Every structure is written in structure tokens, then in C-alpha cells.
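Every chain is numbered from 1, with letters handed out A, B, ... down the list of sequences. As the structure is a computational prediction, the values presented were derived from the model and not from experiment.
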Number of protein chains: 2
Amino acid sequence: MSAASTPDPTGAGPSRREQLLAIAAQQFAEKGFRNTTVRDIADAAGILSGSLYHHFDSKESMVDEILVAFQEELFGQYDAILASGDDARSKLEAAVRVSFEAIDKHPHEVAIFQNDANHLGSFERFGYLADRNAQSRQVWVTLIEEGVRTGVLRADLDVTLTYRFIRDTVWVAVRWYRPGRDLTHTDIADQYVRILLDGIAVEGKNHG
Amino acid sequence: MSAASTPDPTGAGPSRREQLLAIAAQQFAEKGFRNTTVRDIADAAGILSGSLYHHFDSKESMVDEILVAFQEELFGQYDAILASGDDARSKLEAAVRVSFEAIDKHPHEVAIFQNDANHLGSFERFGYLADRNAQSRQVWVTLIEEGVRTGVLRADLDVTLTYRFIRDTVWVAVRWYRPGRDLTHTDIADQYVRILLDGIAVEGKNHG
DNA sequence: GAGCATACCAAGCAAATGCTTGGTAGGGTG
DNA sequence: CACCCTACCAAGCATTTGCTTGGTATGCTC
């Protein structure tokens, strides 16, 4: 038990704070933010609930820290894609792939975002969630519109509806995708991109 | 106040029990099952929380009644589609349309199912949720496999992945669809079917 | 008008929950 | 050794939550 109370002087591993955040993220993802008690988190960490308040101000500040860190990483990748000189189809594919990679690397964070962003967003403290949501919409809409303009995507697409279709389809996969099973996130991204772009029907059998 | 405590002898309108269930469904859909308190429901109904227990055994029995009624209606429609003599593509389209119609007519029930089925399913009382989930999977997989067999759908489809793609894409729409706005549920179903079957790319521009 | 059913109130209880307070143990540093 | 920092415990408080209990008002029915 002495190891648990010993700080990490070498700085090699994650700090105790980061360890606790990872544990909290898992709990939040599994049960939702409001349904996770500070005692749940503390139990999972092997300490008492009161001890969490040595590291964090509140339960809210824990999710806050979790979400902000994740979003900064994700949107950094989106920005890089937008700034690249590739054609619209390649950029769209890249954005889908980056998203599935995020599900693979940060499943808890994505799940929290999917399940609790709506509820958390109603508090002033989490107003940035709405901003990030708008930013995400901007990324996808930009890519879709560029695709239509350059003749890569069908001109009769409802851009907003298509945006929702892509967004929902990609992120909702966090509900069933589990790393390390038969299909890798790259496999899934491949097939999703294929369905999204070309549909599931046999080519040339399109109805009018 | 006397009207509220007067039963409906004609049998024309919904019973008080049904009224309260509708109010509960809305609350559950908005805030989730566990995050909705019996006082929330009672407040929305204009009564005290204890009075709810004149009508229902528990908070759980309320969701139970809500979910069972909804599922019976939905799966009755799926069964009718499966039993019809239409071709695979028509049946697949019909199933998608019926699902969007369910979102339109019973948004609260669908939302509860989407958000809380996982959590509720861990209790023995709600074991039927897993059964219904399996039943739903069976419906879609049957339709997809028939489509592949009859040459309507691409033979290289991963059936399971395609099933998840369709299921997620359809039901997650409950998150943003609001009845009575610009797009009707029929409009949305049309476009979703089109994207699903033929993709968003311009025909003949398929890569690979 | 006596009996009964429906719909509700008023009050409260036991458990759970977020958070606080005061204290302890152990290691590093001067 | 004195001092301080990190990490934690022990105990508990105020509030919230699901649910219970005993009672009241209203209208229907015979």
C-alpha cells in the first residue's frame, strides 16, 4: 500500500491526477455523468471519496478536464485535414478515419461526449461544448460543400441532412465498437466510407 | 382544480394513468431515466410525488409500461413487412420508413430506448429488452441477406456491419428530429434511403 | 344517503449523494 | 531535526431521492 501513496519522482508515468481522471472517464462513460457517484470513482481508484477532493475541486471539474483535453486533440486533427491540399473526397475520408481513430483511442471520452454533452451543455460552465459542436458542424459542412462544388458529390444532396447522417453514423459507433476485436477501427472506417460514398445497392440498379 | 380530480366516464380521452405515463415518458426522454425524479414527474403533472404511487407501483414500472407498449406496436409493423411479398429493396425501404414514422409518432419512447435500454437491460425485470434487441437485429439481417441473395445489394457487404450502420443511422435521428419542422419524417426517410442505397458520391466516380 | 372507488394531499423515513473539515503518514529538503 | 508537501483517511453534514402511511374530497351507484 506504500506504493500507492508514493509520488512518481521520475516523471515517467502518468501523474496520480491523470490516473484518477482516466478512472473517472471510464466510470462516466459506463454509467453517465450524473449516474456516476464520487464514491464510484473513489472505489475504482481504491481510495475514499473525500480524498478525491484533494486532487479536484468538484465532480464537474473532472469531466471538464477530460472533455477539454480530448477536444483539443480531435479538433487539432480536423484543422490539419482542412488545411491539407487534398481533394474533397480524400479530405472527407480522412475526417472519417480520424474520427474512428478517436473512438479507438479515446472511447470513454467519446462516449461521455455522446451521452452527456447535451445535459452538461445546459450549464454555463460547459458552454464551450456548444461552440465545439458548431465547430464540428462547420468542418463537415465545409467538406461536403466542397465535394458538391468540385463535382465529387451529388449535387442534389441536402447538405445539412448529409452532415447529420455522417456525424451520427460515425460517432454512434462508440456504442458497439470495442478495441481489439475482429475488426480494427481502420477496417470499420474503410467500410463506412464505402457505404457512405457508394451506398449498399448494386451499382447501376438505381431506382428513379 | 375539480376537473383534474374527475375521472373520464365517457372513455373518450386518455385515462389519467395514460396521461401520467405520457408525462413520465417525456421526462425520461429529456433527462434520462435515472436523472428523472418522481418529483419531476409529479411536478409536471401538477400533483405531489406520493400521489404517483396511487397509479403505479414504482418508477421502474412506469418505464416498463412505456417501453412494452411501444415495442409491441413497432415489432408488429416489422413483422408485417417481413411477411409481405415485396422484393428485398422495397422491404428494406419500408422498414426504414416505419422506423422514422416511429420516431415521429413516439419520439419519447424511442429516446428512452436509445438512452436507457443499456442500463435498464442489466436488471432482470428488463431482460426482454435484450430479446427485443436480438429480434430487431434479426429483422434487419434477414432483409440485408435477402437483398444480397437476390442480387439487389452488393455481395461484398459485411452484413453485421451494414446492420449496425442502418440501425444506428436510423434511430440516432431521434436526437435531432423534431416533428413539425421543415422536413417531415417521410422526407427524411426518402433521403436516408437514397444515401444508404446509392451513397453520396456521384455515380460512376467510384474509386478502388 | 350509505357504501365504495378514484384521485389526491401531508408528512416523513431511510438511503444515497456531493462535498467539507480536521487530522495522519511518509518522504524530501534545508 | 524542523519544515513542508503530497496523498490519503475518518467522520459527518445538508440535500436529494424513491417510496410509505394515514387521511381527505369528490362523484358514482344502489
Item to complete: Name the closest nucleotide to the A:I47 side chain, picking from D:dC9, D:dA7, C:dC8.
Response: D:dC9

[atom1] of [X] versus [atom2] of [N]: gap in Å, rounded?
X	N	atom1	atom2	result
A:F28	C:dG18	CZ	C1'	12 Å
A:L48	D:dA7	CG	C1'	12 Å
A:I41	C:dA16	CD1	P	18 Å
B:D43	D:dT17	CG	P	11 Å
B:N35	D:dT17	CG	P	9 Å
A:Q27	C:dG18	CD	C1'	16 Å
B:F33	D:dT17	CZ	C1'	12 Å

Atom pairs, N/O to N/O, protein against nucleotides 13-16 of chain D, distance under 3.5 Å?
none

Item to complete: Quick one: which residue pairs count as a ring-ring contact (aromatic ring centres under 6.0 Å, His included) with a foot in residues 116-138 of chain A, not counting sequence neighbours?
Response: A:H119-A:F123

Fill in: Partners passing salt bridge (charged side-chain N to carboxylate O under 4.0 Å, His left out) against A:K59 (at least two apart in sequence or in another chain)
none

Discussion item. Show every side-chain hydrogen bond (donor to acceptor under 3.5 Å, both in side chains) that has at least one partner inside residues 45-58 of chain A, sequence neighbours left out.
Written reply: none

Worksheet, complete the sentence: For residues 19-29 of chain B, the side-chain hydrogen bond (donor to acceptor under 3.5 Å, both in side chains) pairs (sequence neighbours left out) are B:R16-B:Q19, B:Q26-B:E30, B:Q27-B:K31

Fill in: All pairs passing salt bridge (charged side-chain N to carboxylate O under 4.0 Å, His left out) where residues 131-150 of chain A contributes a residue, at least two apart
A:K91-A:E146

Worksheet item: Looking at residues 51-62 of chain A, who's got a heavy atom less than 4.0 Å off DNA chain D?
Response: A:S51, A:H54, A:H55

Discussion item. Ring of A:W176, cation from B:R164 - is the NZ or CZ under 6.0 Å from the centre and inside 45° of the axis?
Written reply: yes

Fill in: Distance in Å, B:T169 OG1 paired with A:F165 CZ, rounded so as to fall on 0.5 Å steps
4.5 Å

Show the atom names and distances, to 0.1 Å, of all donor-acceptor pairs under 3.5 Å that link a side chain in residues 179-189 of chain A to residues at least two apart or in another chain.
from, atom 1, to, atom 2, distance (Å)
A:T184, OG1, A:T186, N, 3.3
A:T184, OG1, A:D187, N, 3.1
A:T184, OG1, A:D187, OD2, 3.2
A:D187, OD2, A:T184, N, 3.1

All N/O donor-acceptor pairs, side-chain side in residues 98-106 of chain B, below 3.5 Å, sequence neighbours left out:
from, atom 1, to, atom 2, distance (Å)
B:S99, OG, B:Y78, OH, 2.8
B:S99, OG, B:A95, O, 2.8
B:E101, OE2, B:K105, NZ, 3.2
B:D104, OD1, B:Y177, OH, 2.5
B:H106, NE2, B:E73, OE1, 3.2
B:H106, NE2, B:E73, OE2, 3.3

